[in-house]
Amino acid sequence: MDYYSDIWIGYLTGIVFNRCVKLSLQRCPGCIAKLKSPVLHQHEQNSLLQKIAIYFNEVRGLMLPSLDQLYDIIAKQLPHSDDPLKDKDIYCQNGIFFLTSANPDSIYWGRYIDEFNDAMINSMVDIALKKKPK
């Protein structure tokens, strides 16, 4: 049983990316001031890596207490053993380890999302964002 599933880690990475991008839009001084020129918008100026660097610790802090909820959303799409309670515990523990040992560079350059799992992971992220786990 492979509890360090690429799907699970890719899903967590997708949540991080999405939340960092969303925060960059919500907190952009140019957006807040309703400025028109893209050059005056911080979310346009910053790369994805910069957005992750700015917001990663905040996003990680919000995700860690809700890993069990994030797991429940996609549990049916992950590999499982005959013991669903053990599976959930191990996946969540691996998620805790992954998020606490990660940093903006490792999340970005780790390429946990690739052309092979992109569609699946992004559909799971969309479902998670609609359910809005805390």
Side-chain angles (χ1 to χ4, degrees):
M1 183 67 223
D2 179 16
Y3 290 105
Y4 191 82
S5 169
D6 291 342
I7 299 167
W8 173 240
I9 298 304
Y11 168 68
L12 295 177
T13 300
I15 297 286
V16 169
F17 289 168
N18 188 284
R19 289 184 177 177
C20 288
V21 168
K22 186 175 181 180
L23 284 172
S24 76
L25 284 165
Q26 290 173 344
R27 297 185 183 161
C28 172
C31 289
I32 292 168
K34 297 184 181 3
L35 301 174
K36 299 291 182 200
S37 179
V39 76
L40 301 174
H41 287 263
Q42 193 174 46
H43 78 269
E44 296 279 0
Q45 296 170 6
N46 290 338
S47 68
L48 177 58
L49 179 56
Q50 290 169 316
K51 292 171 190 170
I52 295 166
I54 294 167
Y55 298 108
F56 179 69
N57 286 329
E58 179 179 353
V59 168
R60 172 177 45 194
L62 294 170
M63 286 177 67
L64 285 168
S66 65
L67 277 177
D68 60 333
Q69 295 168 12
L70 290 169
Y71 169 83
D72 289 341
I73 293 168
I74 65 155
K76 292 178 182 174
Q77 298 173 349
L78 295 171
H80 287 285
S81 71
D82 294 333
D83 187 348
L85 293 176
K86 175 184 163 193
D87 292 346
K88 181 176 183 172
D89 183 54
I90 292 173
Y91 273 116
C92 289
Q93 288 300 319
N94 283 342
I96 290 168
F97 176 76
F98 174 71
L99 289 172
T100 56
S101 63
N103 62 55
D105 285 323
S106 70
I107 290 280
Y108 181 82
W109 294 109
R111 302 295 185 211
Y112 300 104
I113 301 173
D114 60 28
E115 63 272 9
F116 302 109
N117 63 18
D118 175 66
M120 179 192 311
I121 288 173
N122 281 293
S123 69
M124 291 188 288
V125 169
D126 289 344
I127 292 167
L129 295 174
K130 289 176 186 169
K131 294 194 182 228
K132 297 183 183 177
K134 296 181 180 185

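Values reported hereafter were calculated over all heavy atoms of this structure, with side chains retained and with hydrogens, waters and symmetry mates removed. Positions are given from 1, in the same order as the sequence printed here.
For Phe98 and Tyr112, the gap between ring centers is short of 6.0 Å.
Residues Tyr91 and Leu67 are not in side-chain contact: their nearest non-hydrogen atoms beyond the backbone lie 4.5 Å or more apart. Looking at heavy atoms from C-beta onward, Tyr55 lies out of side-chain contact with Val16 at the 4.5 angstrom threshold. Proximity of Ile9 to Thr13: side-chain heavy atoms (C-beta onward) are separated by under 4.5 Å at one or more points. For the pair Gln93/Ile96, a side-chain contact is recorded, criterion being any heavy-atom separation below 4.5 Å from C-beta on. Side-chain contact between Asp6 and Asp114 is absent, with no heavy-atom pair separated by less than 4.5 Å. In this structure, Leu78 and Tyr71 have side chains that are in contact, with non-hydrogen atoms separated by less than 4.5 Å. Using a 4.5 Å heavy-atom threshold, the side chains of Asp105 and Ile52 count as separate. At a threshold of 4.5 Å between non-hydrogen side-chain atoms, the residues Ile113 and Phe17 count as touching.
Heavy-atom minimum distance, Cys92 versus Asp68: SG-CA, 3.7 Å. Contact record, Leu62 with Pro65: O-CD, 3.5 Å, taken as the closest heavy-atom pair. Taking each heavy atom of Pro38 and Glu44 in turn, the nearest pair found is O-CB, 3.5 Å. Considering every non-hydrogen atom in both Tyr11 and Ile73, the closest pair reads OH-CB, 3.9 Å.
Counting only distance, with no hydrogens or angles, the side chain of Gln50 and the backbone of Ser47 share a donor-acceptor pair below 3.5 Å. A distance-only check finds no donor-acceptor pair linking the side chain of His80 to the backbone of Asp87 [under 3.5 Å]. Judged purely by atom type and a 3.5 angstrom limit, Asn46 has no side-chain atom pairing as donor or acceptor with the backbone of Lys51. Using modelled atom types, no side-chain atom of Arg19 and backbone atom of Arg60 make a donor-acceptor pair closer than 3.5 Å. In terms of modelled atom types and a separation under 3.5 Å, the side chain of His43 and the main chain of Lys22 share no donor-acceptor contact.
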Steps toward side-chain contact (heavy atoms from CB on, under 4.5 Å) verdict (Leu85, Asp89): CA-CA 6 Å; Leu85 293 176; Asp89 183 54; over 6 Å; no

Verdict with reasoning, Lys88 to Asp72, per side-chain contact (heavy atoms from CB on, under 4.5 Å): CA-CA 8 Å; Lys88 181 176 183 172; Asp72 289 341; 2.9 Å; yes

Leu35/His41 under side-chain contact (heavy atoms from CB on, under 4.5 Å): CA gap, chis, key distance, verdict: CA-CA 8 Å; Leu35 301 174; His41 287 263; 4.1 Å; yes

Intermediate values then yes/no, side-chain contact (heavy atoms from CB on, under 4.5 Å), Ile7 and Asn117: CA-CA 7 Å; Ile7 299 167; Asn117 63 18; 5.8 Å; no

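By the rule that hydrophobic residues join a cluster once side-chain heavy atoms approach within less than 4.5 Å of another member, Ile54 and Leu40 end up as members of separate clusters. Linking Ile, Leu, Val, Met, Phe, Trp and Tyr whenever their side-chain heavy atoms come within less than 4.5 Å leaves Val39 and Ile32 in two separate clusters. Using a 4.5 Å cut-off between side-chain heavy atoms of Ile, Leu, Val, Met, Phe, Trp and Tyr, with links allowed through other members, Ile15 and Trp109 fall into the same hydrophobic cluster.
We find the CZ-CE distance between Phe56 and Met63 to be 8.5 Å, quoted to the nearest 0.5 Å. Here the OG atom belonging to Ser66 is positioned 8.0 Å from the CG atom belonging to Leu64, to the nearest 0.5 angstrom.
Remark: the Asn122 side chain and the Asp126 side chain contain no N/O donor-acceptor pair separated by less than 3.5 Å.
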